[in-house]
Structures are given as structure tokens and as C-alpha cells.
There are 2 protein chains.
Amino acid sequence: MSSLTEYDYVEMSRPAKRTPLSRDRVLAATVELADESGIEAVTMRKVAERLGVEAMSLYHHIANKEALLDGIVEGVLQEIEADLGGFTTEMGEAGWKATMRHRILTARQAMLRHRWAPGVIETRTTMTPTLIRYFDTLVGLFKEAGFTYDVAHHAMHALGSRALGFNQELFEPADTTADGQDVDTMMESMASEIPHIVAMLAEVVDHDPESTVGWCDDQTEFEFGLDLLLDGLERMASTP
Amino acid sequence: MSSLTEYDYVEMSRPAKRTPLSRDRVLAATVELADESGIEAVTMRKVAERLGVEAMSLYHHIANKEALLDGIVEGVLQEIEADLGGFTTEMGEAGWKATMRHRILTARQAMLRHRWAPGVIETRTTMTPTLIRYFDTLVGLFKEAGFTYDVAHHAMHALGSRALGFNQELFEPADTTADGQDVDTMMESMASEIPHIVAMLAEVVDHDPESTVGWCDDQTEFEFGLDLLLDGLERMASTP
DNA sequence: ACCTGAACACCGTTCAAGT
DNA sequence: ACCTGAACACCGTTCAAGT
């Protein structure tokens, strides 16, 4: 028994303890946990548990929980880079608008794979290298399209989180109100106070009459908003 | 001493215990605390402390912490309503665009008074009555301007959090990177990888050469993005 | 060098008890 | 009816100790 090499232990699929912990393993376990159980399940103790280790062991590989969150965001951005075959400033023959649209919708796919990412990104106060490089290629694309850096700067602010493929929906996840009644009930009782929302719902909900909530196609709405911005910017370039 | 009425206690400015707790007092104390010390300082224990009471007493007036956060958001929305002299659907003589612009910039003022509000609003999963009524007046304004409810619906999604006067800035609060070095240092070391960001900074930073961070005028950027969207929507109305 | 047990200083929340 | 003390089940993190 004591003559077994480390390799043998792995072969016999002994408890995970045999594979040494590393920053990458910690980050991978955290992403898995967040994907499966949501970001609120990401605690130092639960990440450690998933690795068959005590919580305190994690601190040998990451400084603290903030650094852990920075790390998994960086991972998502690296996925985007891989999906795009690297970050490049050159636009395709399709023109700057189609190229940018494609990049942003690719970023969006990563956000949909990791639904916790937008929320975590918004709480980050530190800039990661991959995020800067991603933004650099967008700025570069604007420049190559003929925009001044000044307008490109405004454009980046105007895009905001849409540049990364998400947009915080204020209306969306609510299916119960603060007092616990469902939204339909509340809508009904407020109908006289909110005539336009009620009428809008009546018109829009037509396609999916089962519920008033979830009547929105997120992808359609995202693209509508993105195109509204990109079209507006295009018009600024062509009318000097 | 024992013959003093409750009123007398108050006059003598005895400890706060004399004034009975109420939902409104709890919410007011929470808003004060968040304004002064940030949202991370809002714990049940600290809110209670500010009221001269034990944490557990709060639970007689609000169900739990989530309800507390719902309550302070509702308060901010009521401030907006008061600032606007009530929510009304009618547009002024200024036309729909100027009217909507004014409402949204008024909402923005409330967000600037309560810097914690955007972050808390984004984590809400429940809809409050005042929020719905606010949105109803925006939808009503679109309708009165000649938009269909279908387009108004897309427009509300396109505005997103900008409808409430804020926009999550992905770039902004970072003045140090994940490894603790400052942004200027990192930018310098990455200069060859991020040529466009560096060049953009060089052009834009001109006005305030002291630092690269904080070179953005939030209000200007917010209005740029808002106008880009409103102008785009206006064009959709006039080109059927 | 890498991992851990015990402990600390916090959380939100429950419950039985006080007035 | 309103408030509280003690306790529970969690957190992130530190430190001294183990291998």
C-alpha cells in the first residue's frame, strides 16, 4: 500500500485528494457550481466541498472570494475569445456593423451559457486584461469604420453592457409581487391605474396567451435594442 | 417621574425607545444608512442599532431583508413621482421626446441622490406598484406619440434601465486591477495589445490630464446614449 | 509546500420568553 | 401588542498546527 505511487492512486480512482489543487481547478469547480446551482450557491465552503477539500485550502490558490469571482469572469471572457477565434480588430467584408453585431451576439451566447455572468460582471470593480482586450477590438472596429475616437468613446458608453451581450431587464424575472400575489392578479387590481400596460399586454401577449409573464422573447428584444444603437451610430458616421 | 406622559418623554428627548417602531421608520432609517455608508452596510443589526432597537424587533414591521430592500426601492420611486408632480400620461407642448427625456432625467436625479438604488433595483425579482405605474406613463407617452403598443414594448426593452435613469457602466469604478496594480500601470504594460484604447484615451483624456480613470462625464454619456435611443425611435415613428 | 481544525467576527432568522 | 435574549445555521477569513 505504501509502495503505491501517486499515479497508482489516481488509476484506482481514489478520492480527489490525490490530484493536487490548483487555481485552474478551483475556478473550474466554481464555474460548474454556479452553472448548476446559481451564483448564490457559490460559497468558499461549497466550492471546497466539490473539490473534496476544506474551505481553507482554497486560500492557497486564490486570495479571497472577490478574486475567485474575478477569475470566473475572466474565464467567461476567454470563452468568448476562443469562440471568436481570437480578438481581432480587422473587420470582415461584411462591414463594421455586421462584424460588431456578430461579435456581440457571440459574447451573448457565453452569457446565456453562464447565466450568472452578467450579475457578477456588474459587481466587479476591477478590470481584467481580457475584458480590456475585448473592448479594444470594439474600439478598433469603430475607428476602422471611420469614427473618431471621441465618438467611439461615446459609443462604448452607449452600448454599455450590451457590448458584452446582455442588458439588464427591469421587468423580467418578476412573477410574484412583493406581497406574494401573482403579477396577473396585481395587474387586474391595478388595471384602472395602468391602462397602457394592460392594453400593451393585450396586444403583445396574443401570441402566447397562457401567461402575461414570459411574454417577451429576450433574444428578439436584445437584437432590437442593439440594432437601434448600431443604426443610430451608423447614421452619425454618414452625416458629418 | 412615573406621572410623565409619553409626550413628555419625547419632549425631554429620552432615548428613541419612546417613539414606537413602524414600517416607515424602519424604511427611513435604512435609506439613511444606505445613503451614508453604502448598501453593504445595510444589515438587519445595523438598521436596528440606528433605531435604538434590537435586530429582531424589525421583523414585527417587515417580513425579512428582501422586503426591506423592496421597501426602500419603492421609496425612491415615490420620490420620483413626487418630483414629477405625480405620474401623468399626457405630454406637454414640448412633444413626446422632450417630455420623456425630462421624466427620465428626473428619475436619474433620484438615482444620483441614492447611489445604491441601481444596484438594488437590479437584484429585485418582485414588481412594485409604483414601478409599474411609472412604466405605464412611459408606455402611454409612446402610444400618444403615435407608436403602436408593439413598438412601445420593444422600446421599453431597448431603454432598459435607462428608463429609470441609470446605465450600468462596465468600465467605470475600476481604478485598480485584479492584481492590485493601478489601471495606468496595467494600460502601459498592455499598450501594444490594446492600441485603440490607448489612442482613444490619449484623445479623450486631453481635457482632464490628471488621470486616465474618471475621464468620463457620466451625465454626458448617459444623455448621449439616451438621445441615441430616443432619436432612433423617433425615426421609426416617422418612417412607416 | 500544501492542507486542515479550531476559532473569530460577522450574517439572516426562529423561538420562547418577557413587558 | 410589541420588544428581546439566546440560539441556530450559515457566511468569509485568520492562525497555528499538522504532513
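Please read these numbers as outputs of a predicted model, since none were measured by experiment. Each chain gets a letter, A, B and so on, in the order its sequence line appears, and its residues count up from 1.
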In plain terms, say whether B:R113 and B:D83 are close enough for a salt bridge, that is, a side-chain N and a carboxylate O under 4.0 Å apart.
-> yes

Mapping B:R45 and A:R45 to their closest nucleotides on DNA chain C, which lands nearer the 5' end?
-> A:R45

Shortest side-chain distance from B:N64, nucleotide among C:dC3, C:dT13, D:dC3 | C:dT13

For A:E66 and D:dC11, give me the distance from atom CD to atom P, rounded to whole Å.
-> 17 Å

So what does B:T43 touch, heavy atoms closer than 4.0 Å: a base, only the sugar-phosphate, or nothing?
-> sugar-phosphate

With respect to the side chain of B:V53, which nucleotide from C:dT13, C:dA6, D:dT4 is positioned closest?
-> D:dT4

Sidechain-backbone polar pair: A:N167 side chain, A:R162 backbone, donor-acceptor under 3.5 Å = no

Under 4.0 angstrom between B:S57 side-chain N/O and D:dT4 OP1 or OP2 = yes

Who does C:dA6 pair with, Watson-Crick or G-U, both distances under 3.5 Å?
-> D:dT14

Write down the distance between CD (B:E49) and C1' (D:dT4), rounded to a whole number of angstrom.
-> 16 Å

A:E81 and A:R133: salt bridge (Lys or Arg N to Asp or Glu O under 4.0 Å), yes or no, with the steps?
-> CA-CA 9 Å; A:E81 185 171 19; A:R133 288 189 297 111; 2.8 Å; yes

Fit a plane to each ring of A:W116 and A:H114, take the angle between them on a 0 to 90° scale, and name the class: parallel (under 30°), tilted (30 to 60°) or perpendicular (over 60°).
-> tilted

Which whole-number value in Å describes the distance from A:Y59 OH to C:dG5 P?
-> 16 Å

In whole angstroms, how far is the C1' atom of C:dA7 from the CD atom of A:E54?
-> 14 Å

Quick one: A:H61 NE2 to C:dT4 C1', roughly how many Å, whole number?
-> 14 Å

Separation of B:K65 atom NZ from D:dC11 atom C1', in whole Å?
-> 12 Å

Let me know the distance between CE of B:M44 and P of C:dC10, rounded to the nearest Å.
-> 18 Å

Round to a whole Å and report the spacing from CD of A:E40 to P of C:dG12.
-> 17 Å

Closest heavy-atom pair and its distance - B:A158, B:L229 = O-CD1, 4.0 Å

Measure from the side chain of B:H60, starting at C-beta and using heavy atoms only, and say which of C:dA7, D:dC2, C:dG12 lies closest.
-> D:dC2

